[in-house]
Trainee: 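What follows is a single structure, and I will ask about it in a moment.
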Amino acid sequence: MEKKPKNVAVARGRWGEDAAAAFLAARGWTVLERNARPCALDQRCEIDLVIQSRDKRAVVFVEVKTHRARSPRAGRLWCVNRRKKNVLLRACTNWILRKKWHGNFRFDVVEVYGTPAGGPPEIDHVENVPLFPPKWRFW
């Protein structure tokens with residue numbers, strides 16, 4: 001039995017994640033996890049989607065941002081600020097360590113524009129968003 005969302009924003013976010021997962025799956029990517037929380041002590045650390053590339057060599061951490069409509073005042077990726085990147089870096093690091101992943105990885109952002117009641121969503125997939133520092137190592 002699935003829990004009902006507490007408010008409209010949560011429902012729209014879940015709809016956006018569903019649309020993003022379907023968008024990536026249609027392109028041949030495999031969804032490994034949804035709403036992964038690899039940090040036991042910090043519940044803010046959540047990765048919306050963990051997907052595997054078509055060639056199975058890389059894991060891609062995906063942050064999904066759902067908006068009602070495009071805004072001429074805000075550029076792409078305006079919701080992924082420094083604070084959010086720090087939380088995502090901690091979450092991705094913990095996921096890599098818990099799963100003992102030794103392959104390639106990267107961070108993408110999928111922006112979904114639309115509402116559940118209005119037609120099909122418009123989706124932007126921004127690949128290779130800088131999240132990991134250039135000489136970052138966790139071993």
Trainee: Scan the side chains in residues 49-56 for donor-acceptor partners under 3.5 Å anywhere in the protein, sequence neighbours excluded, and list what turns up.
Mentor:
unit_1, atom_1, unit_2, atom_2, d
Ser53, OG, Asp55, OD1, 2.5
Ser53, OG, Ala58, N, 3.3
Ser53, OG, Ala58, O, 3.4
Arg54, NH1, Arg27, O, 2.6
Asp55, OD1, Arg57, N, 3.1
Lys56, NZ, Thr30, OG1, 2.8

Trainee: Please enumerate all residues that pass side-chain hydrogen bond (donor to acceptor under 3.5 Å, both in side chains) together with Arg37, with sequence neighbours excluded.
Mentor: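 None.
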
Trainee: Once ring-ring contact (aromatic ring centres under 6.0 Å, His included) is applied, do any residues pair with Trp15, and if so which ones, sequence neighbours excluded?
Mentor: none

Trainee: Taking 4.0 angstrom as the limit, do Asp18 and Arg34 come out as a salt bridge?
Mentor: yes

Trainee: Would you call Lys99 and Glu33 a salt bridge, taking side-chain N to carboxylate O under 4.0 Å as the test?
Mentor: yes

Trainee: How would you list, by chain and number, every residue that makes a side chain to side chain contact (heavy atoms under 4.5 Å, CB included) with Asn94, sequence neighbours excluded?
Mentor: Pro38, Cys39, Arg90

Trainee: Find out whether Leu89 and Phe132 are in side-chain contact, i.e. whether some heavy atom of one side chain is under 4.5 Å from a heavy atom of the other.
Mentor: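 Side-chain contact under 4.5 Å: yes.
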
Trainee: Tell me, do Phe23 and Pro121 make a side-chain contact under 4.5 Å, heavy atoms counted?
Mentor: no

Trainee: Considering only Ile, Leu, Val, Met, Phe, Trp and Tyr, and joining two whenever side-chain heavy atoms are under 4.5 Å apart, list the other residues clustered with Leu41.
Mentor: none

Trainee: Using a strict threshold of under 4.0 Å (side-chain N to carboxylate O), is an ion pair present between Lys84 and Glu63?
Mentor: yes

Trainee: Do the side chains of Lys65 and Asp124 get close enough for a salt bridge, i.e. N-O under 4.0 angstrom?
Mentor: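 No.
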
Trainee: With sequence neighbours left out, what residues match Asn128 under side chain to side chain contact (heavy atoms under 4.5 Å, CB included)?
Mentor: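 Arg106.
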
Trainee: Using 30° and 60° as the class limits, which term best fits the ring planes of Trp95 and Trp101: parallel, tilted or perpendicular?
Mentor: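 Geometry flag for Trp101 against Trp95: tilted rings.
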
